[in-house]
Amino acid sequence: MEPAPYSGFPWWLRWQHFFNLFFMMFIIRAGVQILADHPRLYWNRHSTPGTEWFRFQKPVPTDRVWTAKEDSVRLPGWMGIPGIRHSIGLARWWHFGFDTLWIVNGVIFYILLFSTSQWQRIVPTSWDVIPNAVSTAIQYLSLDFPANEGWIAYNGLQLLAYFFTVFIAAPLALITGLMQSPAINNRFKFAGRILNRQAARSIHYFVLIWILSFILIHTTMIYITRFLGNLNHITTGQNSTSWLGFIIYAVWMAVIIVAWLVASPVTLRYPRVVQRVGRVLIGPLKGALEHLDPRPGEYTEKDISPHLWPNGKMPDSKEFAALEAGDFRDYRLRIDGLVANPVELSLADLRAMPFQEQITQHFCIQGWSGVAKWGGVPMRAILDLVGPLPEAQYVAFYALSSGGPDRGTYYDVHSMEGMRHELTLLAYEMNGETLSVLHGAPLRLRNEVEVGFKMVKWIGAMEFITDFKDLGNGQGGYNEDHEFFGYRDSI
Ligand SMILES: Nc1nc2c(c(=O)[nH]1)N[C@H]1C(S)=C(S)[C@@H](COP(=O)(O)O)O[C@H]1N2
Ligand SMILES: [Mo]
């Protein structure tokens, strides 16, 4: 074969190939960890148990309450990052942080590819590629391997595989990743209806399967066709069979293996550091995009999900049991802090206030979603009643339940802007009926510009504050303190 202008592998391509592999390893591990937090895939927006087309968890039990947190699966630490159960908070920092690096690497790769002749290696320029690929496939299947001409040009099958991976699978991973984000999925109304969050999760998973198959076949072919030659192409950039290629390859693999082995233990030892690094890498971009744009009337009765996954740690105190036994007649919502008029309100007081009903989509950080109708007191009416002082910047919601074993009260902090939103409610009804304890009775928050974990259920008190540094560990909520979630995590 005549050497083409793009024969050989320039230095930038060799280094980018290494970085690509390095980033992908951790993106994949953290991604599988994220999937394990809700180990079910659906095509419908409702995440209805029983309608999943894939799961690696037993069917949802019907004889007992089964929360989304209980459904989370534990992965071994060598596989997921960091491996322990329900560690999506930390896995997300890894996944998104490395995504950023991977995308920067990818964009540079695209630019260099097209500003040199290298693109001709992996972009088919004639339909001949199809018959060529078919005949190569037949050769492979009959174990009569075609000569490895990889230095000069790829055969039809390689061409198609590389083209699909670089120009279809990689962009699809990005698009379906973004469309899983509550903020983005909710903002692009029309696109979000077609590529709903669950469909985006499912396609994202197919991309994973493609990439894993590609890595497996690609690596196998490296080993069984002219091993040293292949290694030299991608390491030394020489068309030779020198052992130097093998040595560089071995060093690269050693770097990856060491990083692989330390990733989970280091994450568990220094979780805040992982969070900080992740925030440096993705934080500003993430912050800029973290805006849901829920509209009244966006969903109608027929959109209501047959089942909304319950979540959270149920209240288990004697006091709560007593309140529940008395149908919450003795329940009082305490509202104080930086307000002109602190109050204590009974359910009857709340029911006497203005009533608002809305049908909205709920997004849990774990990956599930669902639509429900909520009824209760608009937060604007509460603001009018208590009169927040000008210093009030945030509202802390405290639950009548703990967040986890011995770690204190579940709470979360919201901005005043969120409180003034027309869809922010203190809900005591769900789908036209009195709210059940499972979903937060006597009173739960609906702040539709936020994701699930911020919507405190079983609310005991609301406090208007200037800053949340002094509450809990100072991160703005129970999950922010203990699960390393971001203050807003709607991406
Ligand atoms: N008090 C309290 N509120 C909570 C939680 C919790 O653990 N405790 N979990 C949150 C999470 S993670 C989600 S997704 C929603 C779930 O609401 P649902 O059970 O009505 O679906 O409640 C939120 N509110
Ligand atoms: Mo959640």
Side-chain angles (χ1 to χ4, degrees), residues 34 37-38 40 45-49 60 65-72 85-89 91-92 180-182 197 292 304-317 319-320 323-324 331 333 358-376 396-414 425-431 433-448 450-462 472 476-486 488-491:
I34 292 170
D37 228 83
H38 189 68
R40 300 170 194 273
R45 175 173 63 216
H46 308 291
S47 321
T48 314
V60 171
V65 167
W66 185 250
T67 66
K69 270 174 205 160
E70 288 173 287
D71 203 47
S72 156
R85 256 192 91 241
H86 187 48
S87 49
I88 188 169
R92 282 165 56 93
Q180 286 175 60
S181 139
R197 189 193 200 195
L292 276 80
I304 294 177
S305 301
H307 172 92
L308 186 76
W309 275 84
N311 216 357
K313 190 177 176 310
M314 303 289 285
D316 51 9
S317 67
E319 293 79 3
F320 189 89
L323 282 178
E324 187 184 353
Y331 168 79
L333 167 69
Q358 64 202 36
I359 302 174
T360 53
Q361 181 165 195
H362 177 101
F363 295 93
C364 173
I365 196 169
Q366 290 185 275
W368 57 273
S369 43
V371 177
K373 179 161 81 175
W374 305 97
F397 290 81
Y398 303 102
L400 298 170
S401 62
S402 68
D406 303 329
R407 280 161 159 191
T409 301
Y410 191 94
Y411 78 101
D412 208 276
V413 176
H414 289 254
L425 289 188
L426 287 176
Y428 50 77
E429 283 188 7
M430 176 183 173
N431 295 338
E433 289 170 20
T434 305
L435 187 63
S436 63
V437 170
L438 186 59
H439 288 289
L443 202 63
R444 67 146 332 140
L445 176 62
R446 291 304 306 173
N447 175 354
E448 312 293 354
E450 300 284 1
V451 286
F453 73 87
K454 303 217 48 111
M455 305 208 204
V456 177
K457 307 200 289 188
W458 314 293
I459 302 172
M462 289 169 58
Y478 182 87
N479 286 296
E480 292 89 327
D481 287 347
H482 301 288
E483 303 282 349
F484 306 95
F485 290 5
R488 299 193 82 171
D489 236 351
S490 54
I491 290 290

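Heavy-atom basis, side chains included; hydrogens, waters and symmetry copies ignored. In listed order, ligands and their atoms are each counted from 1. These numbers were taken from a predicted model, which means no experiment stands behind them.
Checking side-chain atoms of R197 against main-chain N and O of Q180 turns up a donor-acceptor pair under 3.5 Å.
In terms of protein heavy-atom proximity, atom 2 (C) of ligand 1 is closest to Y410 CD2, 3.3 Å. For atom 17 (O) of ligand 1, the closest non-hydrogen atom on the protein side is R444 NH2, 3.3 Å.
Annotation for ligand 1: atoms under 4.0 Å from non-hydrogen atoms of G452 are 10 (C), 11 (C), 13 (C), 14 (S), 15 (C), 22 (O), 23 (C). Ligand 1 places these atoms under 4.0 Å from at least one heavy atom of G312: 5 (C), 6 (C), 7 (O), 9 (N). For ligand 1 and K457, the ligand atoms under 4.0 Å from any heavy atom of the residue are 1 (N), 2 (C), 3 (N), 4 (C), 17 (O), 18 (P), 19 (O), 20 (O), 22 (O), 24 (N). Below 4.0 Å from some heavy atom of A399 lie the following atoms of ligand 1, by number and element: 1 (N). For ligand 1, the atoms lying closer than 4.0 Å to a non-hydrogen atom of C364 are 14 (S).
The line from OG of S317 to CD of E324 is 10.5 Å long, rounded to the nearest 0.5 Å. Expressed to the nearest 0.5 Å, how far NZ of K454 lies from CZ of F397 amounts to 10.5 Å. How far CD of E448 is from CD of Q358: 5.0 Å, rounded to the nearest 0.5 Å. Of the inter-residue distances, the one linking K373 atom NZ with T360 atom OG1 reads 12.0 Å to the nearest 0.5 angstrom.
Within the structure, the closest approach of S401 to ligand 1 falls below 4.0 Å when heavy atoms are considered. Under a 4.0 angstrom heavy-atom cut-off, K69 registers as being in contact with ligand 1.
Between the side chains of H46 and S305, at least one donor-acceptor pair of N or O atoms lies under 3.5 Å.
With a heavy-atom cut-off of 4.0 Å, W368 touches ligand 1 through its side chain alone. Contacts of N311 with ligand 1, taken as heavy-atom pairs under 4.0 Å, involve both backbone and side chain.
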**Study point:** D71 vs R40, salt bridge (charged side-chain N to carboxylate O under 4.0 Å, His left out): CA-CA, chis, key distance, verdict
**Key:** CA-CA 9 Å; D71 203 47; R40 300 170 194 273; 2.8 Å; yes
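Inclusion of M455 in the set of residues having an N or O under 3.5 Å from an N or O of ligand 1 is warranted. At a 3.5 angstrom cut-off on N or O pairs, H362 does not count as close to ligand 1. An N or O contact shorter than 3.5 Å links W309 to ligand 1 by distance. Residue-to-ligand polar distances place K313 within reach of ligand 1: an N/O pair is separated by less than 3.5 Å.
Between W374 and L445, the closest side-chain pair of non-hydrogen atoms is not below 4.5 Å.
Y398 pairs with exactly one of Y410, W458, Y411, Y478 by the side-chain contact (heavy atoms from CB on, under 4.5 Å) rule, that one being Y411.
Proximity annotation for atom 12 (S) of ligand 1: of Y411, W458, F453, F453 comes nearest, heavy atoms only.
In this pair, W309 and H38 present their aromatic rings perpendicular. The plane angle is above 60°, beyond the 30 to 60° band.
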